[in-house]
Asks: 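There's a structure below that I have some questions on.
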Amino acid sequence: MKSKWLFLTIAPCDAAEPWQLGFQDAATPMMQGIIDLHHDIFFFLILILVFVSRILVRALWHFHYPKNPIPQRIVHGTTIEILRTIFPSIIPMFIAIPSFALLYSMDEVVVDPAITIKAIGHQWYRTYEYSDYNSSDEQSLTFDSYTIPEDDLELGQSRLLEVDNRVVVPAKTHLRIIVTPADVPHSWAVPSLGVKCDAVPGRLNQISISVQREGVYYGQCSEICGTNHAFTPIVVEAVPSKDYGSRVSNQLIPQTTGEAEAEMKE
Amino acid sequence: MAEAASPNSPSLAEQYFVKEKEEKTDAGPKPTEFKEVENPKEAATQEAAVEKTVEAVDEKAVEETPTASEESSEATPPAEEQSTDPTSDAPEVSSDAVTEQSSGNTEEENVGDQVSAQETPEIKLETAPADFRFPTTNQSRHCFTRYVEYHRCVAAKGDGAPECDKFAKYYRSLCPGEWVDRWNEQRENGTFPGPL
């Protein structure tokens with residue numbers, strides 16, 4: 001296919017693309033809500049822009065000094081003053097209501113999550129802990145996620161966005177992500193999932209998401225965390241939930257048997 | 001009463017939710033778990049949450065509120081723990097697995113759990129439930145409270161008491177491993193700041 005017809009494809013866009021102006025495609029109801037709110041607000045924004053531009057251009061046109069050297073001296077008009085006070089105070093209300101509705105619904109944990117994943121920010125990599133399957137305080141499924149250096153990239157991989165170990169989550173399942181750092185403030189942000197959560201030392205921030213379709217979602221650190229801030233990307237891979245079960249047990253069993261062998265040797 | 005009413009008239013959240021979770025308000029293991037929840041209350045060692053949810057159910061028996069769904073999720077783990085003996089284990093655990101798994105792979109999970117309920121806990125998709133004491137984004141205290149609850153439970157019931165397992169599961173799900181290691185160290189040194 002010629003690349004100029006590439007825009008006709010309907011493959012969802014879950015990573016940043018060059019010169020991108022719009023949003024990445026939504027994969028969670030949260031992101032869908034954010035995009036819808038953006039469009040709602042843009043309606044009012046364009047309305048105001050057109051109206052104010054008209055007043056401005058009209059004033060410049062009619063009161064231009066060669067055309068109208070002595071400006072009119074209108075100092076008072078009750079009707080127009082009432083109108084220009086009331087309408088601008090109603091418009092923010094129309095913006096605020098959907099905005100607050102979205103804000104509070106994003107915060108709310110509606111149902112009990114099925115999985116808790118801990119995303120721990122480090123300088124400069126991320127550690128993910130899947131501790132739902134632990135039978136002791138020993139971590140059974142923990143891995144570090146480092147960025148892939150530019151020299152090691154393979155064809156088709158995105159620069160500064162790929163990591164060696166992706167976070168694997170089941171699709172269409174309610175997830176709880178606990179975001180915390182181990183050193184300085186970090187942030188866990190994935191645009192397609194509508195998530196941007198700061199990681200504050202000594203504090204566990206919870207975000208509740210439900211990825212609606214399988215795919216690979218990219219994000220970057222969004223809090224200046226040091227020199228390699230630009231090199232701590234986030235990659236979330238959503239798989240069907242039955243594949244998730246086998247994937248987790250495959251990752252778990254080698255580790256636990258490895259530990260058992262180590263104990264045997266001791 | 002509440003158990004009988006809630007499956008017939010699910011709350012709004014349950015109505016909008018995907019099928020497999022809705023089965024959580026299954027009437028199956030409910031009577032046993034109700035009894036189970038009251039036991040720790042008599043022993044006066046459990047935290048306020050379980051008691052509160054039990055009271056809430058007594059008072060608001062018919063109306064379906066968030067507490068009703070909270071109660072069902074809060075009270076489900078004891079039913080599972082209570083059945084530690086292998087005879088009564090298989091049916092209850094499998095029903096639990098049905099609620100937790102997606103409908104696609106219920107059958108194979110069912111068989112797997114009946115064969116070895118304790119060996120394959122990693123397949124089960126379950127974690128610490130949403131706790132109405134900690135409704136905010138900040139879950140630091142949720143993790144801390146669960147950790148304290150577990151160790152108070154162990155102190156009261158003795159080491160390896162099966163009713164404490166759920167608290168262990170909860171705090172392991174919520175707390176970063178680093179925090180747990182630090183707190184374990186502090187407990188050994190007697191410098192743990194929490195009420196143990």
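Chain A is the first sequence line, chain B the second, and so forth, proteins listed ahead of strands; every chain is numbered from 1.
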Asks: Out of curiosity, A:Thr142 OG1 to B:Glu178 CD, how far, rounded to the nearest 0.5 Å?
Replies: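 Rounded to the nearest 0.5 Å, the OG1-CD separation comes out at 11.5 Å.
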
Asks: Taking atom CD of B:Gln186 as the centre, does the number of heavy atoms from other residues, nucleotides or ligands within less than 6.0 Å exceed 12?
Replies: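 More than 12 within 6.0 Å, yes.
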
Asks: Contact between B:Thr127 and A:Arg176 at the side-chain level, heavy atoms closer than 4.5 Å - yes or no?
Replies: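 Yes; the side chains approach each other to less than 4.5 Å.
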
Asks: Nearest 0.5 Å, what's the SG-NZ distance between B:Cys143 and A:Lys118?
Replies: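 It comes to 8.0 Å.
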
Asks: Rounded to the nearest 0.5 Å, what's the gap from CD1 on A:Ile120 to CH2 on B:Trp179? Could you check?
Replies: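 It is 9.5 Å, given to the nearest 0.5 Å.
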
Asks: Counting only heavy atoms not in B:Arg141, do more than 12 sit closer than 6.0 Å to its CZ atom?
Replies: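 No.
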
Asks: Report the C-alpha distance between B:Thr137 and A:Asn205 in whole Å, list the side-chain angles of each, state the deciding distance to 0.1 Å, and finish with yes or no for side chain to side chain donor-acceptor pair (under 3.5 Å).
Replies: CA-CA 5 Å; B:Thr137 303; A:Asn205 279 333; 5.8 Å; no

Asks: Rounded at 0.5 Å granularity, tell me how far OG in B:Ser173 sits from OH in A:Tyr133.
Replies: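 Spacing of OG (B:Ser173) from OH (A:Tyr133) equals 8.5 Å.
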
Asks: Considering non-hydrogen atoms only, spot the tightest contact between A:Ile178 and B:Gln139 and give its length.
Replies: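 The answer is CD1-CB, 4.4 Å.
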
Asks: Using heavy-atom distances under 4.5 Å, tell me whether A:Tyr244 contacts chain B through its side chain, its backbone, both, or neither.
Replies: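 Side chain of A:Tyr244 only, per the 4.5 Å heavy-atom cut-off to chain B.
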
Asks: Does some side-chain heavy atom of B:Pro176 sit less than 4.5 Å from a side-chain heavy atom of A:Leu204?
Replies: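 Side-chain contact under 4.5 Å: yes.
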
Asks: Got more than 12 heavy atoms from elsewhere within 6.0 Å of CZ, A:Phe94?
Replies: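 Not more than 12 within 6.0 Å, no.
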
Asks: If you compare all heavy atoms of B:Asn138 against all heavy atoms of A:Arg203, which two are closest, and at what distance to 0.1 Å?
Replies: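 B:Asn138 and A:Arg203 have their closest heavy atoms at OD1-CG, 3.4 Å.
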
Asks: Can you tell me how far the OH atom of B:Tyr170 sits from the OG atom of A:Ser131, to the nearest 0.5 Å?
Replies: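 So the OH of B:Tyr170 and the OG of A:Ser131 are separated by 15.5 Å.
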
Asks: Could you check whether atom CZ of B:Arg182 has more than 12 heavy atoms from other residues, nucleotides or ligands sitting under 6.0 Å from it?
Replies: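 Correct, the count exceeds 12.
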
Asks: When only pairs under 4.5 Å are counted, which of B:Asn184, B:Val180, B:Leu174 shares the most heavy-atom pairs with chain A?
Replies: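 If we count pairs closer than 4.5 Å to chain A, B:Leu174 comes out on top.
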
Asks: Is it the case that more than 12 heavy atoms not belonging to B:Asp159 sit under 6.0 Å from its CG atom?
Replies: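 For B:Asp159, atom CG is not crowded (no more than 12 foreign heavy atoms under 6.0 Å).
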
Asks: Which heavy-atom pair separates B:Ala128 from A:Pro113 by the least distance, and what is that distance?
Replies: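 Nearest pair, atom of B:Ala128 first, then A:Pro113: O-CG, 4.0 Å.
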
Asks: What part of B:Phe134 is in contact with chain A, defined as an atom under 4.5 angstrom from a non-hydrogen atom: side chain, backbone, both or neither?
Replies: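 For B:Phe134, no heavy atom lies under 4.5 Å from chain A.
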
